[in-house]
Amino acid sequence: MKKIYIALFFGAAVMTTGCSDFLDPDNRSNAPTEQFYNTKTGFESLTNSMYSTLRQVFNRQPHVFVGGTDLYGDGKSQGMAMTYYTYTVADGGIANFYTDCYKGIQAANEVIAYGATTEQSAVREKYIDEARFIRAWYYFQLVQQFGGVPLANEMYESAVMEFPRNTLAECYKFIISEFEYCASSASKLDETSTVGRANKKAAKFFLAKAYLTKGWLNGKDEEVQEENIAEASDFQNAQKYILEVIGSDVPTESLDEAFDINNEQSKEFFWTVQYSIGSVNNPKNDGSYQMAQFGAYLGGAEFPRTKAIDGTYSPTYYMHSLFSRGDGRYEQTFMLELYGTNETGMPTYKYFDYYYPAKGSVVLYYYAPWWATEADIAAWRADDPTGVKAGAIVGQVALNADKGYDPNAKKPADWATRRHSDCGVPCIKKFDDYTEESIVNRNSTCSMHDVSCARLGEAYLIAAEAYIMQGNNAEAAKMINALRKRPGTIKAGYEDAMTVTAADMSVDFILEERARELAGEYVRWTDLKRTHKLITNVLKYQEDPVLESNMKGPDGKYKILRPIPQDVIDRNKAEITQNPGY
């Protein structure tokens with residue numbers, strides 16, 4: 001069987017896709033690879049292997065998406081959340097992300113190349129266009145993190161030693177043109193499809209987001225370390241395409257309904273990276289990492305029915321403070337009741353008993369919202385038809401030690417201390433995979449919950465931001481109010497408090513609303529970078545130690561972009577300039 005060995009020096013990241021079990025298409029025939037890919041079955045296998053590369057991006061800890069921001073600080077694993085500002089040109093996590101994106105690009109290039117020669121079928125042209133979408137998506141991830149990168153849009157079958165870095169303008173021109181094609185009537189993509197495959201609605205979503213991001217690249221702020229490529233029409237185009245995405249759609253499900261593990265074909269989502277126990281090689285290791293993030297450590301293997309939280313990222317008090325009493329998204333986002341047993345005086349945490357109340361399992365700990373009064377807590381205790389709350393310890397979500405109780409140390413403690421302590425603060429429950437099948441097979445990385453990449457809630461937020469950037473705050477407020485009509489968002493009696501006006505609209509407001517609606521989703525770092533608020537918000541709201549001097553490199557420049565991996569620079573015969581700050 002012919003193998004394709006590739007050493008791609010895309011900025012010289014070494015890739016040997018022929019040797020990768022993860023990327024090898026599943027060729028179970030005896031035919032040579034080239035012959036196999038030119039059959040309908042083989043071409044479908046090649047396309048499926050392209051989609052599988054997406055999982056590699058999300059299987060690892062999400063440093064590049066949330067690290068070094070205002071919403072997430074250290075959990076039990078101290079010293080991790082702010083490591084973004086200690087990244088070096090040799091950092092393995094950055095190199096992995098860079099390489100993973102190019103592996104995905106090469107997989108898409110292979111689909112496009114074999115699409116020209118494979119046997120005719122009803123799906124051949126659609127698969128080619130799906131590959132163009134996936135390739136553009138990967139480039140969009142790269143330019144947001146690294147700035148201009150090499151554009152490599154051929155299937156390479158031998159070592160290529162020279163790949164010059166394209167300008168940011170050239171990259172965005174390519175990304176936008178590809179998404180424009182994918183969204184057009186000429187494209188063979190489905191108008192809408194199962195959320196796991198590229199489709200025209202998802203293409204328009206990312207087209208709008210690319211225009212929105214490009215519109216901010218205006219060179220008017222010290223935080224912008226990239227060339228000025230913004231055009232006057234960018235925000236208008238972002239508005240145009242995102243409104244086409246939204247159409248007449250309104251959110252019809254609450255957040256917890258939309259993200260429920262048993263509702264993964266929800267109309268809320270335009271495109272997701274999909275997981276299932278039957279489609280991964282090892283259910284204990286090959287799942288999404290998202291459920292295992294964003295909270296205090298809840299115990300390990302000694303508690304077989306607790307949730308595996310790795311303790312790397314825990315929501316800051318700032319994130320909690322952004323929610324108000326009338327916002328139902330708070331209880332839908334955070335797990336405020338920790339279940340378990342305490343028969344011997346030694347608690348056994350059983351996180352998933354929240355979903356499957358078991359005999360003898362009770363609420364061990366209640367994380368009361370920051371606004372809760374004694375009357376609110378008494379009402380919570382009284383609402384107890386099954387008698388599981390009577391002995392619960394109540395610790396309020398608060399900065400100070402007077403109201404905040406550390407269940408591990410069994411004493412009051414401030415917020416930062418509790419973040420570092422077992423079970424000290426509530427975790428995000430939005431991505432819970434509470435299926436018995438997954439609980440039995442799981443470890444810290446094996447959730448089978450799909451990862452949302454494009455959904456209706458964010459579409460409304462993109463529209464609002466595009467309107468604000470054009471000075472149309474009234475229309476922006478309409479988008480926010482429409483989004484907040486999502487079932488379960490506005491609690492009864494708080495309709496007026498949860499209604500916004502044009503006077504409320506600003507970039508800061510949009511970032512706050514994105515935190516409330518998109519908590520735990522992999523967008524915060526690019527949100528702050530896009531809006532030129534990375535340095536400002538981190539210095540103002542991050543609770544873990546970070547100084548402005550930590551955010552600058554030896555050249556005195558802010559570390560707004562990620563470093564180009566040094567191995568990429570060393571192996572490339574083309575001259576590659578390192579990003580500012582490194």
Legend entry - N/O donor-acceptor pair under 3.5 Å between Gln396 side chain and Pro369 backbone: yes
Inset, instruction - Could you tell me whether Lys533 and Asp70 have a side-chain N and a carboxylate O separated by less than 4.0 Å? - result: no
Legend entry - Any Lys430 side-chain heavy atom under 4.5 Å of His449 side chain: no
Legend entry - Short side-chain to backbone donor-acceptor contact, Asp433 and Thr435, under 3.5 Å: yes
Inset, instruction - Check whether any side-chain heavy atom of Val363 sits under 4.5 Å from a side-chain heavy atom of Trp380, and report yes or no. - result: yes
Legend entry - Inter-residue atom distance Ile261.CD1 - Tyr355.OH, 0.5 Å rounding: 10.0 Å
Inset, instruction - State, with a plain yes or no, whether a side-chain heavy atom of Met291 is found less than 4.5 Å away from one of Tyr434. - result: no
Inset, instruction - May I ask you to decide whether Glu513 forms a salt bridge with Arg516, counting only side-chain N to carboxylate O separations under 4.0 Å? - result: yes
Legend entry - Plane angle bin for Tyr330 and Phe334 - parallel if under 30°, tilted between 30 and 60°, otherwise perpendicular: tilted
Legend entry - Verdict with reasoning, Asp286 to Arg55, per salt bridge (charged side-chain N to carboxylate O under 4.0 Å, His left out): CA-CA 8 Å; Asp286 292 347; Arg55 292 176 179 167; over 6 Å; no
Inset, instruction - State, to 0.1 Å, how close Gly104 and Thr53 come at their nearest heavy-atom pair, and which atoms those are. - result: CA-OG1, 3.6 Å
Inset, instruction - Using atom types as modelled and distance alone, determine if a side-chain donor or acceptor of Asp406 lies under 3.5 Å from a backbone N or O of Gly404. - result: no
Inset, instruction - Give the intermediate values and the outcome of side-chain contact (heavy atoms from CB on, under 4.5 Å) for residues Glu458 and Lys209. - result: CA-CA 10 Å; Glu458 187 177 6; Lys209 198 165 186 180; 2.6 Å; yes
Inset, instruction - Quick one: pull up CD1 in Ile94 and CZ in Arg562 and give me the separation to the nearest 0.5 Å. - result: 5.0 Å
Inset, instruction - Calculate, to the nearest 0.5 Å, the distance between atoms CD and CZ belonging to Glu264 and Phe269 respectively. - result: 8.0 Å
Inset, instruction - Would you please say whether a donor-acceptor pair under 3.5 Å links the side chains of Tyr460 and Asp249? - result: no
Inset, instruction - Work out which heavy atom in Tyr405 is nearest to a heavy atom in Val394; give both atom names and the distance. - result: CB-O, 4.3 Å
Legend entry - Polar side-chain atom of Asp383 near backbone of Ala379 as donor-acceptor pair, under 3.5 Å: no
Legend entry - Gln542 side chain to Gly68 backbone, donor-acceptor under 3.5 Å: no
Legend entry - Six-ring centre of Tyr494, Arg325 cation under 6.0 angstrom, axis tolerance 45°: no
Inset, instruction - Would you please classify the geometry between the Tyr349 ring and the Phe303 ring as parallel, tilted or perpendicular, with 30° and 60° separating the classes? - result: perpendicular
Inset, instruction - Kindly determine whether Gln274 and Val195 satisfy side-chain contact (heavy atoms from CB on, under 4.5 Å), including the steps that lead there. - result: CA-CA 8 Å; Gln274 299 194 313; Val195 295; 3.5 Å; yes
Legend entry - Side chain to side chain, Phe352 and Glu436, heavy atoms closer than 4.5 Å: no
Legend entry - Side chain proximity check, Glu437 to Met448, heavy atoms < 4.5 angstrom: no
Inset, instruction - Please report the closest heavy-atom contact between Ala368 and Ala372, naming both atoms and the distance. - result: CB-CB, 4.0 Å
Inset, instruction - Run the salt-bridge test on Lys485 and Glu495 with the 4.0 Å N-O cut-off and return the result as yes or no. - result: no
Inset, instruction - Evaluate the side-chain proximity of Ile510 to Thr531: yes if any heavy-atom separation is below 4.5 Å, no if none is. - result: no
Inset, instruction - Enter the distance from Ile462:CD1 to Met479:CE here, rounded to the nearest 0.5 Å. - result: 10.5 Å
Legend entry - Trp271 ring center within less than 6.0 Å of Phe205 ring center: no
Inset, instruction - Could you tell me whether the side chain of Phe323 reaches within less than 4.5 Å of the side chain of Glu331, counting heavy atoms only? - result: no
Legend entry - Asp432/Lys307 ion pair, N-O < 4.0 Å: yes
Legend entry - Lys/Arg-Asp/Glu bridge criterion (N-O < 4.0 Å) met for Asp74, Arg419: no
Inset, instruction - Begin from the C-alpha positions of Tyr318 and Asn537 and carry the test side-chain contact (heavy atoms from CB on, under 4.5 Å) through to its verdict. - result: CA-CA 10 Å; Tyr318 171 61; Asn537 275 36; 4.3 Å; yes
Inset, instruction - For Lys403, look at atom NZ and say whether over 12 heavy atoms of other residues, nucleotides or ligands are found less than 6.0 Å away. - result: no
Legend entry - Arg484/Asp327 salt bridge by N-O under 4.0 Å criterion: no
Inset, instruction - Any chance you could measure Glu257, atom CD, to Gln332, atom CD, to the nearest 0.5 Å? - result: 8.0 Å
Inset, instruction - Classify the angle between the aromatic ring planes of Phe146 and Tyr98 as parallel (below 30°), tilted (30 to 60°) or perpendicular (above 60°). - result: perpendicular
Inset, instruction - Please report the closest heavy-atom contact between Pro251 and Leu483, naming both atoms and the distance. - result: CG-CD1, 4.2 Å
Legend entry - Under 3.5 Å donor-acceptor, Arg486 side chain and Thr252 backbone: no
Legend entry - Pairwise side-chain contact, Leu298 with Cys427, heavy-atom cut-off 4.5 Å (strictly under): yes
Inset, instruction - Over all heavy atoms of both residues, which pair between Ser266 and Ala258 is shortest? Give the atoms and the distance, please. - result: CB-O, 3.9 Å
Legend entry - Crowding at NZ, Lys389 (>12 non-hydrogen neighbours, <6.0 Å): yes
Legend entry - Smallest separation among heavy atoms of Ile468 and Ala476, with atom names: CG1-CB, 3.6 Å
Legend entry - side-chain contact (heavy atoms from CB on, under 4.5 Å) between Tyr356 and Lys350, intermediate numbers included: CA-CA 10 Å; Tyr356 303 107; Lys350 296 182 177 180; over 6 Å; no
Legend entry - Point-to-point distance, once rounded to the nearest 0.5 Å, from CG of Asp414 to CG of Asn400: 8.5 Å
Legend entry - Whether Ser52 side chain and Ser49 backbone form a donor-acceptor pair below 3.5 Å: yes
Legend entry - Matching residue for Tyr72 among Phe294, Trp525, Tyr522 - test: ring pair (Phe, Tyr, Trp, His ring centres under 6.0 Å): Phe294
Inset, instruction - For Asp508 and Ser506, test the side chains for any donor-to-acceptor distance below 3.5 angstrom and give the result as yes or no. - result: no
Inset, instruction - Ignoring hydrogens and angles, tell me if any N or O in the side chain of Thr333 forms a donor-acceptor pair with the backbone of Arg329 under 3.5 Å. - result: yes
Inset, instruction - Identify which one of Tyr289, Phe58, Tyr313 satisfies the ring pair (Phe, Tyr, Trp, His ring centres under 6.0 Å) criterion when paired with His63. - result: Tyr313
Inset, instruction - Determine, step by step, whether Thr499 and Asp496 satisfy the side-chain hydrogen bond (donor to acceptor under 3.5 Å, both in side chains) criterion, reporting the C-alpha distance in whole Å, the side-chain angles of both residues, the deciding distance to 0.1 Å, and the verdict. - result: CA-CA 5 Å; Thr499 299; Asp496 289 344; 5.3 Å; no
